[in-house]
Amino acid sequence: MSSEQALTTRAADFSAWYNEVVMRAELADYSPVRGCMVIRPRGYRIWELMQRALDDMFKAAGHENAYFPLFIPQSFLAKEAAHVAGFAPQTAVVTHGGGKELEEPLVVRPTSETIIYAMFAKWIQSYRDLPVLLNQWVNIVRWEMRTRLFLRTTEFLWQEGHTAHATAEEAETEARLILGIYRRFAEEWMAMPVITGIKTDSEKFAGAVRTYAIEALMQDNRALQAGTSHHLGQNFARAFEVRYQTMAGDMEYVWSTSWGVSTRLIGGLVMTHSDDRGLVCPPRLAPLHVVIVPIWKSDTDRQGVLEAAQRALQALADAGISAQVDDRDAVKPGAKYYHWEARGVPVRLEIGPRDVAQGQAVLARRAGGKSTVPLTGLPAAVREAMDQIQAALLEAARERREANSVRQVRGKRELIDLMNGSAGLVYAGYCGDAACETAVKEETKATIRVLPDEEFRSSPAPATCVWCGRPAVTEAVWAKAY
RNA sequence: CGGGGCGUGGCGCAGGCCGGUAGCGCGCCUGGUUUGGGACCAGGAGGUCGCCGGUUCAAAUCCGGCCGCCCCGACCA
């Protein structure tokens, strides 16, 4: 009967479900190296689509791609105090090369601020050289204690943008601009709604003045930090002597930013949309848009059906829609449905003898719903279905997030109960004292994910700190996080 | 690093207490019949039972040590 067994359900064991979805969809596999993963073609295709969309947006905003080395002299990392404190415990260090011990150990980049600022110092002399708007798509290494496919691996892929500006205002604008790009990408491409805001000091990037982030809520009601954008002030400029001469002739340190999203987004994509049958992938990031399943009873049927399937395939290909005919013999249609559902193909076209006779196909949507569409004009029908699916996924995710968000939480007791229960995002007043944040974490494991931007804040604004009861200076979004 | 689970054909597992040289389901290969939600028949390939050592005539099984993986926690995108 069954060819592939059912997945562990989300309700039974979310972690096991997640691993099985990733493996079954052939997005990734465990590698021989502890904590590292192999990204398989299907997973890498999603990353390529993400890269293309983001890269276009970065470039449209004036950024250029470059490449800085994987190896960073160990002394560079130590130049910025907070930065070294934050990253030193997580670095992999190369001590030997060419069979000899190196004079100075080389750190495998955990992020590239230090080596980039060393170069900025050479390249920037005048205000005329600013701004510098760079980005690079690279791998980085952070020695993690505990890893999970896509969400946290020792080596991962990301983009890191690094910019230098003449004023604090420009750097601030840049950091916010990128946050907006991340948000737009998450919502329009990943169909993953996010909350934007600023991080508290405890969650801030090591070396930043301010860290902005997009946060999404996963199906197990844990929050995922999906992207960060940092205003670095003059911290790195001072550490690396990156100065420029102003119009007035004075020497000033540059103001800078850095920002990144990683292959972690793929994990977020999986945990936002997928179901107990496997991967659900928004059409705009789907490795394969359409699978065509021919169905036949006799050899005569078979020939006509396969011909119709091939014509459909060609029509879709001509329209720029990626499609594939699953003409495997000896596998029944039902088995093929499960097969492609597990792999997250958004649209399935079933073409049988009855359909051929009537000049139509059955269009089935991965997230549910079947209809018949005429074979003429198929690309348009598929396009429309994919647009609807893309929109419906975002809407469903937004509804789920809101249904699992709680606002106007007033007291300590209520916060504890919510966090020990099944709450997702909890909005509450915050006095700004790190002691309250720490206390909540110790009591509930929840942390402040973000101090939300205006559009996400509650009305009326909470008046008191949910923990200590003193006047609130801001509202905070609390959640258990990945 | 602490707690829990687990290492047996590609995948999922049984066998282990009561040692006798490995079995089941799925997948894979060949042929045939099949195909509108996980097909069936017949034949076949594939495993030094994680590694090292010990006990024994004989070890997947008993004993000792080691390694690895997954999950939960402490660190983090």
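Worth saying up front: this structure is predicted, and the values here are computed from it rather than measured. So that the names make sense, note that chain A is the first sequence line, chain B the second, and so on, each numbered from 1.
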Distance check, [atom1] atoms only: [N] and [M], in whole angstrom units.
{"N": "B/G38", "M": "B/C1", "atom1": "P", "result": "50 Å"}
{"N": "B/C18", "M": "B/C62", "atom1": "P", "result": "9 Å"}
{"N": "B/G7", "M": "B/C51", "atom1": "P", "result": "14 Å"}
{"N": "B/U35", "M": "B/A22", "atom1": "C1'", "result": "37 Å"}
{"N": "B/G9", "M": "B/G23", "atom1": "C1'", "result": "11 Å"}
{"N": "B/G16", "M": "B/G10", "atom1": "P", "result": "24 Å"}

It should be established whether [X] places a side-chain nitrogen or oxygen under 4.0 Å from OP1 or OP2 of nucleotide [N].
{"X": "A/Lys445", "N": "B/A74", "result": "yes"}
{"X": "A/Arg34", "N": "B/C69", "result": "yes"}
{"X": "A/Asn19", "N": "B/C71", "result": "yes"}

So what does [X] hit on the nucleic acid, given a heavy-atom distance under 4.0 Å: a base, only sugar-phosphate, or nothing?
{"X": "A/Glu144", "result": "base"}
{"X": "A/Val331", "result": "base"}
{"X": "A/Glu350", "result": "base"}
{"X": "A/Thr153", "result": "base"}
{"X": "A/Asp13", "result": "nothing"}
{"X": "A/Val362", "result": "base"}
{"X": "A/Thr228", "result": "nothing"}
{"X": "A/Glu341", "result": "base"}

Which ranges of RNA chain B pair up as stems, where a stem means three or more consecutive Watson-Crick or G-U pairs with both distances under 3.5 Å?
B:1-7 with B:67-73, B:10-13 with B:23-26, B:28-33 with B:39-44, B:50-54 with B:62-66

